[in-house]
Amino acid sequence: MSATSPAAVVVLAAGEGTRMKSKTPKVLHEISGRSLVGHVVAAARELDPQHLVVVVGHASEQVTAHLNAGDAVRTAFQAEQNGTGHAVRMGLEELGGNVEGTVIVVCGDTPLLSGETLGALAATHAADANAVTVLSAEVPDSTGYGRIVRDSATGAVTEIVEHKDATDEQRAIREINSGVFAFDGRLLGDALGKVRTDNSQGEEYLTDVLSILREAGHRVGASVAGDHREILGINNRLQLAQARRLLNERLLERAMLAGVTVVDPASTLIDATVTYERDAVVHPGTQLLGTTHLAEDSEVGPNSRIENTAVGAGARVDNSVTHSAEIGAGALVGPYAYLRPGTRLGTKAKAGTYVEMKNATIGEGTKVPHLSYVGDATIGDHTNIGAASVFVNYDGVAKHHTTIGSHCRTGSDNMFVAPVTVGDGVYTAAGSVITKDVPAGSLAVARGQQRNIEGWVARKRPGSAAAQAAQASSQETDGQS
């Protein structure tokens with residue numbers, strides 16, 4: 001922990017969010033690879049707090065399960081949503097009551113809030129020795145927001161005035177309250193016990209703590225966010241889309257400043273969990289999702305969806321979809337390929353046009369160039385799989401594995417009926433259905449003998465266009481002989 005690391009961060013995520021008009025709790029709606037509350041938790045963790053607790057209420061089991069799907073997050077349960085002050089009190093009770101040190105309170109629906117801004121809030125709180133520090137922002141239009149009123153001499157916050165209660169002079173103030181605060185933990189715990197519910201909602205308001213502490217002679221200050229858009233909360237699908245666009249712009253900017261070429265940022269989506277190395281290139285219409293990693297000099301797109309995929313150095317993915325796959329250095333994918341979970345494409349290997357792979361390991365330099373399905377298979381190095389090949393892995397009950405060795409040349413339109421093993425250096429004839437193991441160095445031919453029945457069309461389809469064409473061809477041949 002650093003000198004300004006808070007003793008605790010309390011994330012408020014108990015509300016239902018009815019304006020989302022969704023069966024999904026508001027804080028679990030996702031943008032850029034994380035839920036709304038997931039973004040807030042990630043920002044909070046950047047502060048390295050001693051304690052981190054998320055207050056849950058509506059759909060608490062669903063929210064808690066989501067939070068614990070990755071690194072476990074401590075939660076506090078607010079059985080009845082009796083206001084923000086009550087929610088914070090539930091969070092502190094989960095931590096054993098009063099907390100010594102700085103307590104930061106954030107809302108679980110503010111996905112644009114950065115760790116850097118929260119860090120600046122904590123630093124200002126410590127430097128100014130405040131009892132409370134409000135995260136504020138200067139906005140172009142402050143209509144509807146609570147105004148931050150400061151003492152002109154000291155800069156201390158004297159009050160937060162809601163828009164409906166503000167004078168004309170106060171309404172001209174552009175600095176607004178974000179709903180994010182840093183508190184002296186000991187003073188916070190004491191003040192929460194004095195918060196009353198004699199208001200129109202009958203709830204415990206966290207903002208009442210500010211007036212309680214100020215009236216007790218303690219200083220209330222403010223830390224201004226560098227970008228007012230960071231404090232935006234999400235209440236409906238329109239705001240969700242707007243936040244997604246803003247966050248996507250921020251993430252792409254970060255990638256480009258790190259050395260990634262993004263040809264058309266307006267048509268490119270990237271998740272917060274994506275990583276990359278310098279000189280990677282992203283073409284238009286591409287989505288980079290989940291834990292995807294782009295290695296140096298890799299090139300992806302256009303029009304590709306790449307999810308939870310490691311793209312090796314110098315690899316190329318063109319007009320394709322990949323999910324939970326590994327693409328080796330210098331490998332080629334597409335156009336129009338589909339790499340499904342468990343696919344591992346070796347160095348300089350190829351999954352070509354209209355190729356689908358699933359749970360398949362493809363060796364170095366091996367090529368599956370066209371129109372093929374490779375499922376539940378291991379293929380060795382420098383093998384070529386003929387066009388229109390199918391790895392028949394499912395018998396209607398269970399999946400089975402196919403193994404093909406190195407330096408093989410399999411013919412077009414082959415069916416490999418698993419379980420089956422094809423040895424190193426094997427050739428297979430076009431049109432073969434391989435049902436038995438093939439020893440190394442063999443030629444496998446598994447197809448019926450061709451039989452031509454001459455005159456069949458004339459006898460069985462007399463007068464048809466085919467019969468007429470055959471007759472004309474025969475007459476032409478007879479005339480030439």
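Residue numbers start at 1 and run along the sequence shown.
At a cut-off of 3.5 Å, with distance as the only test, a side-chain donor of E299 or H283 sits close to an acceptor on the other residue. With 3.5 Å as the limit, one finds a donor-acceptor pair spanning the side chains of H401 and T378. No side-chain N or O of T273 forms a donor-acceptor pair with one of D271 less than 3.5 Å apart. Checked by atom type, the side-chain pair S5/D48 shows no donor-acceptor distance below 3.5 Å. At a cut-off of 3.5 Å, with distance as the only test, a side-chain donor of N130 or T133 sits close to an acceptor on the other residue. Side chain to side chain, S35 and H66 meet the donor-acceptor criterion of an N or O pair below 3.5 Å. No side-chain donor from either of Q81 and H58 sits under 3.5 Å from a side-chain acceptor of the other. Side-chain contact check for E230 and S114: at least one donor-acceptor pair (N or O, by modelled atom type) lies under 3.5 Å. A donor-acceptor pair shorter than 3.5 Å can be found between the side chains of T361 and R344. Using modelled atom types, one finds a donor on one side chain and an acceptor on the other under 3.5 Å when comparing T275 with H293. Looking at Q170 and R147, their side chains never bring a donor and an acceptor atom within 3.5 Å of each other.
With hydrogens and angles disregarded, a donor-acceptor distance shorter than 3.5 Å links the side chain of R250 to the backbone of L112. S304 places a side-chain N or O within 3.5 Å of a backbone atom of S320 that can act as its donor or acceptor partner. Although no hydrogens or angles enter the test, the distance criterion places a donor-acceptor pair under 3.5 Å between the side chain of K26 and the main chain of I234. Under the 3.5 Å distance criterion, the side-chain polar atoms of T124 are left unmatched by any main-chain donor or acceptor of L121. Side-chain atoms of T84 come within 3.5 Å of backbone atoms of L206 as a donor-acceptor pair (strictly under, hydrogens ignored). Within the 3.5 Å criterion, the main-chain N or O of E326 finds no donor-acceptor partner in the side chain of T309. A donor-acceptor pair under 3.5 Å is formed between the side chain of S372 and the backbone N or O of H370.
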Yes or no on side chain to side chain contact (heavy atoms under 4.5 Å, CB included) for S298 and R316, after CA distance, side-chain angles and deciding distance?
-> CA-CA 6 Å; S298 60; R316 177 79 170 90; over 6 Å; no
Show your working on side chain to side chain contact (heavy atoms under 4.5 Å, CB included) between H39 and I31 and close with a plain yes or no.
-> CA-CA 9 Å; H39 282 289; I31 61 172; 3.8 Å; yes
List the steps, then state whether side chain to side chain contact (heavy atoms under 4.5 Å, CB included) holds for V132 with H218.
-> CA-CA 8 Å; V132 187; H218 299 290; over 6 Å; no
Salt bridge (Lys or Arg N to Asp or Glu O under 4.0 Å) between E169 and R171: does it pass, once the steps are laid out?
-> CA-CA 5 Å; E169 182 180 1; R171 289 186 177 185; over 6 Å; no
Between E94 and R74, does a salt bridge (Lys or Arg N to Asp or Glu O under 4.0 Å) hold up when you go through it step by step?
-> CA-CA 9 Å; E94 172 64 26; R74 193 170 185 174; 3.1 Å; yes
Apply side chain to side chain contact (heavy atoms under 4.5 Å, CB included) to L188 and L92, showing your working.
-> CA-CA 10 Å; L188 171 63; L92 293 182; 3.9 Å; yes
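Counting heavy atoms from C-beta outward, N248 and L246 have side chains that stay 4.5 Å or more apart. F416 places a side-chain heavy atom less than 4.5 Å from the side chain of I404. Here the side chains of V149 and I173 are in contact, with some heavy-atom distance below 4.5 Å. In this structure, H125 and I104 have side chains that are not in contact, with every pair of non-hydrogen atoms separated by 4.5 Å or more. Looking only at side-chain heavy atoms (C-beta outward), V263 and V282 stay at 4.5 Å or farther from each other. Here the side chains of N303 and T286 are not in contact, with every heavy-atom distance at 4.5 Å or above. The side-chain heavy atoms of V10 and F183, taken from C-beta on, include no pair separated by under 4.5 Å.
To the nearest 0.5 Å, the span separating OG on S32 from CG on L247 amounts to 4.0 Å.
E30 and R34 are not joined by a salt bridge, as no carboxylate oxygen comes within less than 4.0 angstrom of a charged side-chain nitrogen. A salt bridge links K358 with D376: the distance from a Lys NZ or Arg NE/NH1/NH2 to an Asp or Glu carboxylate oxygen falls below 4.0 Å. Ion pair R186/D190 not flagged as a salt bridge, since none of the NZ, NE, NH1 or NH2 atoms sits closer than 4.0 Å to an Asp/Glu carboxylate oxygen. With respect to R340 and E356, a salt bridge is recorded, a charged nitrogen being found less than 4.0 Å from a carboxylate O. Of the charged side-chain nitrogens involved, at least one lies within less than 4.0 Å of a carboxylate oxygen, so that E175 and R150 count as a salt-bridged pair.
The side chain to side chain contact (heavy atoms under 4.5 Å, CB included) test with L339 is passed by exactly one of I306, V321, I327: I327. Exactly one of V55, L52, V53, T110 qualifies for a side chain to side chain contact (heavy atoms under 4.5 Å, CB included) with V11. That residue is L52. The side chain to side chain contact (heavy atoms under 4.5 Å, CB included) test with I231 is passed by exactly one of I176, T117, V180: I176.
Enclosure of atom CZ in R19 is not indicated, since only 12 or fewer non-hydrogen atoms of other residues, nucleotides or ligands lie within 6.0 angstrom. In this structure, E296 places its CD atom where more than 12 heavy-atom neighbours from other residues, nucleotides or ligands lie under 6.0 Å away. Heavy atoms of other residues, nucleotides or ligands lying less than 6.0 angstrom from OH of Y373 number more than 12. By the 6.0 Å contact criterion, OH on Y205 is enclosed, its count of non-hydrogen atoms from other residues, nucleotides or ligands being greater than 12.
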